[in-house]
Amino acid sequence: MADNETDIEGQPRIAPDAGAADDARPWGEQTRVVGNRRPRVDAWERVSGAAVFPSDLVLPGMLHAAVLGSPHANARVTAIDTSRAERMPGVYAVISRNTPEANPDWDYFSAHSGKLFYDHCRFEGDAVAAVAAQSPYQAHDALRAIQVEYEILPFVSDELEALKPGAPEVHSGGNRAGTQTYARGNIEQGFSEADLVLEQRYRTASEMHTPLEPHGCVARWDGDSLTVWESTQGVYAVQSKIADVLKLPLSRVRVIGHYVGGAFGSKLRTDKYAIIAALLARRVNRPVKLFMTREQTLLTQGNRPPATMTVKAGVKKDGTLTAIQFSGIGASGAYKAGGTSLLDWLAKDLYRCANVSTELTDVYINAQPARPFRAPGYVQCSWAMEQMMDALADGLGMDPVELRLRNIPAGTQARDDKPYTTDGLRLCIEQGARAFGWQEARAAAAQHSKGHLQRGVGMAAANWYAGDGGPPSTVIVRLYADGTANLNMGASDIGTGTKTVMAMVVAEEFGVDPDAVQIEHADTGTTQYATPSGGSKTVPTEAPAVRRACLAVKSQLLDMAAQQLGRPREEIVFDGDHLRTTDGLESLAIRELDRLRKQKVVVGVGQRQSNPQGVSITPFAAQFCEVEVNTLTGEVRLLRMLGSNESGRVINRLTWDGQLIGGITMGVGYATTERRVLDGPTGKLCNKNWHDYKLPTTLDVPAEVISEPIMLTDEQANIVGAKGLGEPVTIPTAGAIANAVAHALGMRLYDTPINPVTLIERVAAREA
Ligand code: MOS
């Protein structure tokens with residue numbers, strides 16, 4: 001299956017199940033709780049420090065583990081001696097490739113199989129050995145006493161160098177990890193119809209995963225059953241990977257999620273550390289805690305792959321796009337890991353264009369494998385495509401907003417003409433531009449510029465392919481006799497506010513306060529099956545299942561009320577937390593149902609039904625940005641930004657706005673500060689800490705971020721009318737900033753990040 005057809009979790013997209021499309025009716029426009037601003041149901045736990053994250057967990061008798069990683073970009077492990085480490089104080093166990101029962105088969109991503117402790121470490125940080133000791137300090141000390149002999153091999157750490165003849169081969173057979181092409185229409189004819197053709201190369205640096213809570217877990221055996229507390233986006237995904245590698249029945253592996261301190265795609269997959277922790281715990285017969293250090297997180301826990309993209313585009317004088325040719329090179333790293341996943345989708349799909357051709361080349365380099373990262377591929381492509389759109393607008397003397405509006409794929413999706421269930425791109429751009437004061441700000445930029453302080457205004461638009469959600473998901477809701485409820489759902493709240501949104505769905509149905517809803521932590525031992533939280537699909541996947549579980553409860557309550565009142569069921573309706581007769585003469589609170597008082601609890605099961613076929617359920621976005629560029633220091637000050645999103649129904653306006661602010665913050669880092677730096681002579685990672693890897697701080701994000709939701713309840717999509725939001729909010733940010741900087745400077749920067757050094761170099765070159 002081609003990368004593009006797989007889910008971003010690397011699994012096939014789930015086929016429609018046998019269930020019919022949803023038969024429950026969507027909510028109307030009038031909702032009581034849904035659509036409001038609700039603080040997090042777990043806000044107190046989170047801000048007070050009471051929330052127990054997996055990295056906080058302490059179990060009786062627990063030992064601490066640490067992993068020794070190869071210090072080289074590419075090396076063969078020729079000998080390992082762990083004897084000195086084993087004799088050190090506090091050390092209980094050391095495992096390496098010399099420990100036969102602790103070296104199971106492992107493959108990073110199917111293409112290349114090997115053992116957990118590879119003999120050939122193709123990237124810096126790949127695991128060589130691991131220690132369990134009384135304290136974390138003793139474990140890390142013991143790592144230094146492990147003697148490893150390496151045969152250091154030539155390496156390649158740049159994807160363009162890797163494609164040159166004679167480059168060191170990461171795997172024998174060449175450095176191409178995969179190629180993909182796509183075409184529609186006739187590209188040459190498209191260019192011949194154009195009045196203006198532009199071609200440009202763009203490069204985006206690798207952005208590294210570094211969530212606040214590092215990656216790791218605690219593992220404990222009870223006889224032949226394993227329990228793992230892991231900081232993960234999906235407990236069931238971790239369960240199946242561990243069971244697979246350790247050859248255990250699924251029923252003997254329990255994975256508990258608790259809270260997650262950030263993930264962004266890096267905790268979709270199960271890493272070696274989970275296996276290592278389980279193996280050490282079994283060896284010492286004690287619980288073992290293994291969390292990556294910050295350095296190891298940056299070295300081994302994934303990245304948004306770097307990309308080199310060439311875009312050639314043709315446009316007529318009236319603004320009609322006639323041809324888009326996109327070629328992209330991305331780097332999976334040392335193993336095949338989706339280095340070009342989804343890289344060309346915006347080129348194929350954001351604007352209507354009859355003639356499109358794309359070509360993608362995924363490349364091996366000696367660096368850690370890439371991982372999904374908040375809107376994989378789309379963020380890179382947006383940087384290139386949205387700058388190209390602005391350059392075309394400049395060339396035509398047309399307003400960039402106007403050029404985009406002339407190429408909106410109204411009603412149907414550009415690549416296959418499937419009708420959109422809701423179609424908010426035009427509204428995002430038009431309403432966003434109006435709310436931002438686009439025309440005024442654009443026109444006033446020159447007059448606000450003085451000497452070395454140049455003002456600029458830019459924008460970018462986006463869509464996202466995976467905000468539809470879908471089966472499978474099962475949810476159980478229990479309603480108690482006092483009208484409060486328990487929600488049993490296996491999906492992780494990765495920090496986005498999933499639990500609060502689900503509590504609001506339950507509250508809407510039962511007329512209770514969201515705080516009256518108890519929500520279970522994701523746990524394969526106790527909660528229902530859920531796919532990992534990712535792809536902006538958690539709300540559209542889980543919320544309909546939650547609502548169906550509530551409807552199943554309500555159906556039983558209607559029976560109870562009908563019996564108690566001696567009325568036919570058809571004459572009873574729900575009204576908030578009451579059931580009343582349609583003639584308005586009688587009414588019962590949920591708490592007043594006799595049978596509920598005897599039975600104590602009503603259980604409802606909800607399953608996510610299939611999506612409607614033959615339509616496209618797509619979220620849309622546009623962002624607008626005003627900057628001030630200092631041409632003496634190279635600094636870019638972000639004065640204000642506005643994000644306009646159409647993701648169906650807004651369920652919680654507070655978490656909606658929180659997603660937008662977070663997405664923009666991440667995009668600010670992508671555009672202006674973040675890049676992986678691999679050392680030329682050694683291939684080693686130079687910036688493996690938060691001092692040298694520059695994340696944006698509060699001083700770097702604009703003080704003014706306005707959220708302008710476009711609420712089109714998507715009644716076809718699912719019974720809550722919501723689509724995904726978490727990725728669309730970050731896709732257009734970097735492109736919008738680049739376009740604003742170009743507007744300020746009258747000159748474009750094509751590579752990320754636009755930091756003071758790169759900007760001042762270009763300004764100096766222009767002046768010279
Ligand atoms: Mo995401 S990159 O699906 O967490």
Q: Evaluate the criterion side chain to side chain contact (heavy atoms under 4.5 Å, CB included) for residue pair Trp690 and Leu695; output intermediate values, then yes/no.
A: CA-CA 7 Å; Trp690 278 357; Leu695 294 166; 3.7 Å; yes

Q | Donor-acceptor contact present, side-chain Asp523 to main-chain Thr527, <3.5 Å | A | no

Q: Give the minimum heavy-atom separation between Ser492 and Gln233, together with the two atoms involved.
A: OG-O, 3.3 Å

Q | Cation-pi check, Lys241 onto Trp106 ring (under 6.0 Å, within 45° of axis) | A | yes

Q: Report the C-alpha distance between Asp271 and Arg371 in whole Å, list the side-chain angles of each, state the deciding distance to 0.1 Å, and finish with yes or no for side chain to side chain contact (heavy atoms under 4.5 Å, CB included).
A: CA-CA 11 Å; Asp271 192 71; Arg371 283 190 192 175; 2.8 Å; yes

(Q) Could you check whether any side-chain heavy atom of Asp158 comes within less than 4.5 Å of a side-chain heavy atom of Ile365, counting everything from C-beta outward? (A) no

(Q) Donor-acceptor check, side chain of Thr300 to backbone of Thr297, threshold 3.5 angstrom: yes or no? (A) no

Q) Asn175 side chain to Pro168 main-chain N or O, any donor-acceptor pair under 3.5 Å? A) yes

Q | Which atom of Thr340 lies closest to which atom of Ile329, heavy atoms considered | A | CG2-C, 4.3 Å

Q. Would Arg374 and Glu207 count as a salt bridge (charged side-chain N to carboxylate O under 4.0 Å, His left out) if you check the C-alpha gap in whole Å, the side-chain angles of each, and the deciding distance to 0.1 Å?
A. CA-CA 11 Å; Arg374 204 172 192 171; Glu207 179 184 20; over 6 Å; no

Q | Donor-acceptor under 3.5 Å (Trp221 side chain, Ala278 main chain) | A | yes

Q: Give a yes or no on whether the backbone of Lys694 and the side-chain of Thr673 come within a donor-acceptor separation of less than 3.5 Å.
A: yes

Q: For His120, check ring pair (Phe, Tyr, Trp, His ring centres under 6.0 Å) against everything at least two apart and list the hits.
A: none

(Q) Whether the side chain of Lys499 engages the backbone of Glu520 through a donor-acceptor N/O pair (distance < 3.5 Å, no angle test) should be reported. (A) no

Q: May I ask you to decide if Glu727's main-chain N or O and Ser536's side chain share a donor-acceptor pair within less than 3.5 Å?
A: yes

(Q) Looking only at side-chain N and O atoms, does Thr82 offer a donor or acceptor that is under 3.5 Å from a partner on Glu86? (A) yes

Q. With a 4.0 Å cut-off, would you call Arg122 and Glu169 a salt bridge?
A. no

Q.
Can a donor-acceptor pair be found, under 3.5 Å and without considering hydrogens, that links the side chain of Gln368 to the backbone of Gly302?
A. yes

(Q) When you compare the side chain of Phe117 with that of Val67, does any pair of heavy atoms fall below 4.5 Å? (A) no

Q: Could you tell me which non-hydrogen atom of Leu685 sits nearest to which non-hydrogen atom of Leu678, and how far apart they are?
A: CA-CD2, 3.9 Å

Q: Please report the C-alpha distance between Tyr137 and His64 in whole Å, then the side-chain angles of each, then the deciding distance to 0.1 Å, and finally whether the ring pair (Phe, Tyr, Trp, His ring centres under 6.0 Å) criterion is met.
A: CA-CA 9 Å; Tyr137 314 102; His64 296 266; 8.5 Å; no

Q) Could Arg282 and Glu101 be called an ion pair, given the rule that one side-chain N must be under 4.0 Å from one carboxylate O? A) no

Q. Between Gly534 and Leu268, what is the shortest heavy-atom contact and its length?
A. CA-CD2, 4.4 Å

Q.
Measuring only between side-chain heavy atoms, which start at C-beta, is Ser96 closer than 4.5 Å to Thr99?
A. yes

**Q.** Donor + acceptor pair across side chains of Arg254, Gln239 (<3.5 Å)
**A.** no

Q. Going from CD on Gln301 to NE2 on His215, what distance comes out if it is rounded to the nearest 0.5 angstrom?
A. 4.5 Å

Q) How are the rings of His171 and Tyr364 set to each other: parallel, tilted or perpendicular (split at 30° and 60°)? A) perpendicular

Q. Hey, does the side chain of Asn488 reach the backbone of Gln528 with a donor-acceptor pair shorter than 3.5 angstrom?
A. yes

Q.
Between Pro305 and Ser206, is there a side-chain heavy-atom distance shorter than 4.5 Å?
A. no

Q) When you check the side-chain N and O atoms of Asp362 and Ser332, is any donor under 3.5 Å from an acceptor? A) yes

Q: Can you label the angle between the Tyr236 ring and the Tyr529 ring as parallel, tilted or perpendicular, going by 30° and 60°?
A: tilted

Q. Just checking, any donor-acceptor pair under 3.5 angstrom between side chains of Thr752 and Trp383?
A. no

(Q) Would you say Thr210 and Arg294 are linked by a side-chain donor-acceptor pair, where the criterion is simply a distance under 3.5 Å? (A) yes

Q | Salt-bridge contact Arg76-Asp119 (side-chain N to carboxylate O under 4.0 Å) | A | no

Q.
Suppose we screen for ring pair (Phe, Tyr, Trp, His ring centres under 6.0 Å). Which residues come up paired with Tyr202, at least two apart in sequence or across chains?
A. Tyr750

Q) Is Arg176 atom CZ crowded by more than 12 heavy atoms from other residues, nucleotides or ligands, each under 6.0 Å away? A) no

**Q.** Under 3.5 Å side-chain donor-acceptor pair for Glu542 and Ser473
**A.** yes

**Q.** Between Glu359 and Ser327: side-chain donor-acceptor atoms closer than 3.5 Å
**A.** no

Q. Tyr108 and Phe123: aromatic ring centres closer than 6.0 Å?
A. yes

(Q) Please enumerate all residues that pass side chain to side chain contact (heavy atoms under 4.5 Å, CB included) together with Arg286, with sequence neighbours excluded. (A) Leu63, Tyr92, Val284

**Q.** Heavy-atom closest pair, residues Leu226 and Ala219
**A.** CD1-CB, 4.2 Å

Q | Contact summary for Lys272 and Ala127, nearest pair of heavy atoms | A | CD-CB, 4.2 Å

Q. Between Asn755 and Thr758, do the side chains contain an N or O donor and an N or O acceptor separated by less than 3.5 Å?
A. yes

**Q.** Thr541-Arg608 side chain donor-acceptor pair, cut-off 3.5 Å
**A.** no

(Q) With a sphere of 6.0 Å drawn around CZ of Arg144, does it hold more than 12 non-hydrogen atoms of other residues, nucleotides or ligands? (A) no

**Q.** Separation of Lys688 NZ from Leu298 CG (nearest 0.5 Å)
**A.** 9.5 Å

Q.
Check for me whether the distance between the ring centres of Tyr670 and Phe373 falls short of 6.0 Å.
A. no

Q.
Quick check: do Cys121 and Val128 have side-chain heavy atoms less than 4.5 Å from each other?
A. yes

Q. Got a donor-acceptor contact below 3.5 angstrom from the Lys684 side chain to the Pro71 backbone?
A. yes

Q.
Between Val156 and Val170, is the side chain to side chain contact (heavy atoms under 4.5 Å, CB included) condition met? List the steps.
A. CA-CA 8 Å; Val156 60; Val170 179; 3.9 Å; yes

Q: Using the side chain to side chain contact (heavy atoms under 4.5 Å, CB included) rule, take Met309 and Leu343 through it: C-alpha gap first, then chi angles, then the decisive distance, then the call.
A: CA-CA 9 Å; Met309 298 165 283; Leu343 186 59; 4.0 Å; yes

Q) Rounded to the nearest 0.5 Å, how far does CG of Leu246 lie from CG of Asp105? A) 11.0 Å

Q.
Tell me whether the count of non-hydrogen atoms from other residues, nucleotides or ligands lying under 6.0 Å of CG in Asn98 goes above 12.
A. yes

Q. If you draw a 6.0 Å radius around CZ in Arg675, do more than 12 non-hydrogen atoms from other residues or ligands fall strictly inside?
A. no

Q) For the atom pair OG (Ser533) and CG (Asp493), what is the distance rounded to the nearest 0.5 Å? A) 7.5 Å

Q: Calculate, to the nearest 0.5 Å, the distance between atoms CG and CG belonging to Leu68 and Asp126 respectively.
A: 11.0 Å

